[in-house]
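Taking it in order: structure first as structure tokens, then the write-up.
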Amino acid sequence: MNDPRMADGRPWTQLYAPGDPTDLVVEHNDALSMFKAAVARAPERAAILYFDGKLTFAELDALSDALASALLEHGVQRGDRVALFLQNIPQFIIGELAAWKLGAIAMPINPMNRERELSILLEDAQPKVIIAQESYYHDVVGKTLATHPVPLRISTSELDFQNRNDPRVLGQSHRQRPEGTWDLLELVERHRGQRPPVVQYAPSDVAMLVYTSGTTGVPKGAMNTHGNVTFTAQVYRDWIGVREGAPILAIAPLFHITGLIGHIALSYLVGGPIILAYRFEPGVMLDAIAEYKPEFTVAAITALIAMMNHPSAKPESMQSFHAIYSGGAPIPPTVVEEFERKFDQYIRNAYGLTETTSPVSVTPRHLRSPVDPVFGALSVGTPTFNTHVRIVDTENGQVLPPGEAGEIVVRGPQVVAGYWNKPEETAKAIREGWFHTGDIGVLNAEGWLFLVDRKKDMINAAGYKVWPREVEDVLYTHPAVREAAVVGVPDPYRGETVKAVISLKPGASVTPEEIIEFCKERMAAYKYPRIVEILPELPKTPTGKILRRELRGGPNKG
Ligand code: AMP
């Protein structure tokens, strides 16, 4: 009872690994200093491994200095946004560092986004620069920039920085320099040897603008500060015990908060190489593991399942790992068991959001997550260092006792400063320092956290978040569609997949396949409905609101 940890209202700290503090003392003031410290400690150590390509910390420093100098010459200033429309390639990291070397804000964008989606983000953030892959220029980026101009356009190729051209992921790639753009490597060559002036940061300065659909479905830019990033990178290192110099396998996309923190920022902090493989392909990942022997990764469970079931996976395939974590989507306990049987590696669960700069709760490194006897869910761990979590009544906001389900609210150094340009949304989401996650969870008396549901209608397809409203808005632009409702339905591989139920305008006719094709052209591949059902009428409440929930079952077509 006299335990100060209990008095602090954080019973879960008793579950922390022996010797771990309840609170971290953050070592670095800002994310750039964290990188610079690695350069100073180990300039010749590998910083990036990309197929057969390697960049040391000193080379990465020089490349990002040169790019920053080029951006400066083109008028990029402190606080400007630098958009990154890139897969997991070295240029993503060079671009992020170049932005930080000017006091600018890195703005990662999912390169699967199509014209409509990219326009919304460009409109909102008004970046000064976009660094985009050549291969996406013709279809998406160039067209979007015609209506949403960005002053400085830099293109780059995924074929740079390596010579292997692995046909499994780079087979379709060829060089095709788009008109009206600078080539990233050419810019770097022109400015090689130059250094931008030194910038000073306060921890409250914004480091990244990471777009998420948050709790409402409208894309919002979460303002992750330098202080958020240095804290959460250290959470990964100290909670999990990632050693200095440890190689880190980047399975998660770099544009997502998991990749930004659990791969990139962690690699800066521990001065270890990040292993990049363009985009997730299970066989390529398994080869990268065999080649570079990573010690840590964090990935969506579907990626781990795909590697587990790949024909080239062997019992020793995962033996280089000191720890494997998974987050972003629910983890079936049976998968954890199967993975352990096959590879002798226990997957630990981590829960977080873009707005919490990744980690809220993580399974302690010396423990195994319990499974909730009622809901059957694997615990998402215990709230991590410095973090306060409460479960509150969704109606009246009252704090609920252990064991009761309510909305998870979080306070701690990982909570973002707010949403870009959206003071009202910020005020709704962060109240008196408590971030309202929109997730429904239970904290048991010991301090284990369980996720049981989502307050929001969000669909979680293999860790990718799909907002019904956004897909419905596109469906409504089809001339034959009268009403549309989009729901998540269980899917053996993706966890959930996207299903659309529509009714047609009088006299109109369309097939489910045509609707799928229509959506495919207008949205990122993870979002378009895989199943389309056509009904004469959609079920509604007496007030005319479409009953999404009732549509989750029913016959599947398309
Ligand atoms: P994002 O901002 O894209 O990272 O999405 C955050 C959302 O992903 C959370 O609000 C949860 O609904 C879900 N999520 C994150 N981690 C987990 C986890 N370990 N288990 C289940 N769902 C998760």
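Keep in mind that this is a model prediction, so the values were computed, not measured. Counting starts at 1 for both ligands and their atoms, following the listed order.
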Does the gap between the ring centers of Tyr325 and Tyr236 come in under 6.0 Å?
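No: the rings miss the under 6.0 Å criterion.
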So that I know where these two stand, are Tyr211 and Trp420 an aromatic pair - ring centroids less than 6.0 Å apart?
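Centroid separation for Tyr211 and Trp420: 6.0 Å or greater.
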Side chain to side chain contact (heavy atoms under 4.5 Å, CB included) between Leu254 and Leu260, worked out:
CA-CA 5 Å; Leu254 298 184; Leu260 288 161; 5.5 Å; no
Just to verify, what does Pro468 make a side-chain contact (heavy atoms from CB on, under 4.5 Å) with, not counting sequence neighbours?
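Residues passing side-chain contact (heavy atoms from CB on, under 4.5 Å) with Pro468: Asp457, Ile459, Glu472, Val486, Arg548.
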If you measure every N/O of [X] against every N/O of ligand 1, is any gap under 3.5 Å?
| X | value |
| --- | --- |
| Ser326 | no |
| Gly328 | yes |
| Asp439 | yes |
| Thr354 | yes |
| Ala329 | yes |

Taking the minimum heavy-atom distance to atom 15 (C) of ligand 1, which of Gly352, Ala252, Gly327 ranks first?
Gly352
Using side-chain hydrogen bond (donor to acceptor under 3.5 Å, both in side chains) as the criterion, point out the one residue from Gln91, Gln87, Glu158 that pairs with Gln133.
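Only one option passes, and that is Glu158.
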Using 30° and 60° as the class boundaries, would you call the ring planes of Tyr464 and Phe255 parallel, tilted or perpendicular?
parallel
For [X], atoms of ligand 1 separated by under 4.0 Å from a heavy atom:
| X | answer |
| --- | --- |
| His256 | 1 (P), 3 (O), 4 (O) |
| Leu451 | 21 (C), 22 (N), 23 (C) |
| Pro330 | 20 (N), 21 (C), 22 (N) |
| Ala350 | 16 (N), 18 (C), 19 (N) |

Does ligand 1 have a heavy atom under 4.0 Å from the side chain of Val380, from its backbone, from both, or from neither?
side chain
Side chain, backbone, both or neither: which part of Asn349 has a heavy atom under 4.0 Å from ligand 1?
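For Asn349, only side-chain atoms sit under 4.0 Å from ligand 1.
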All pairs passing salt bridge (charged side-chain N to carboxylate O under 4.0 Å, His left out) where residues 329-343 contributes a residue, at least two apart:
Glu340-Arg368
Distance-only, no hydrogens or angles: does the Tyr476 side chain make a donor-acceptor pair with backbone N or O of Ala484 under 3.5 Å?
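Confirmed, Tyr476 side chain pairs with Ala484 backbone.
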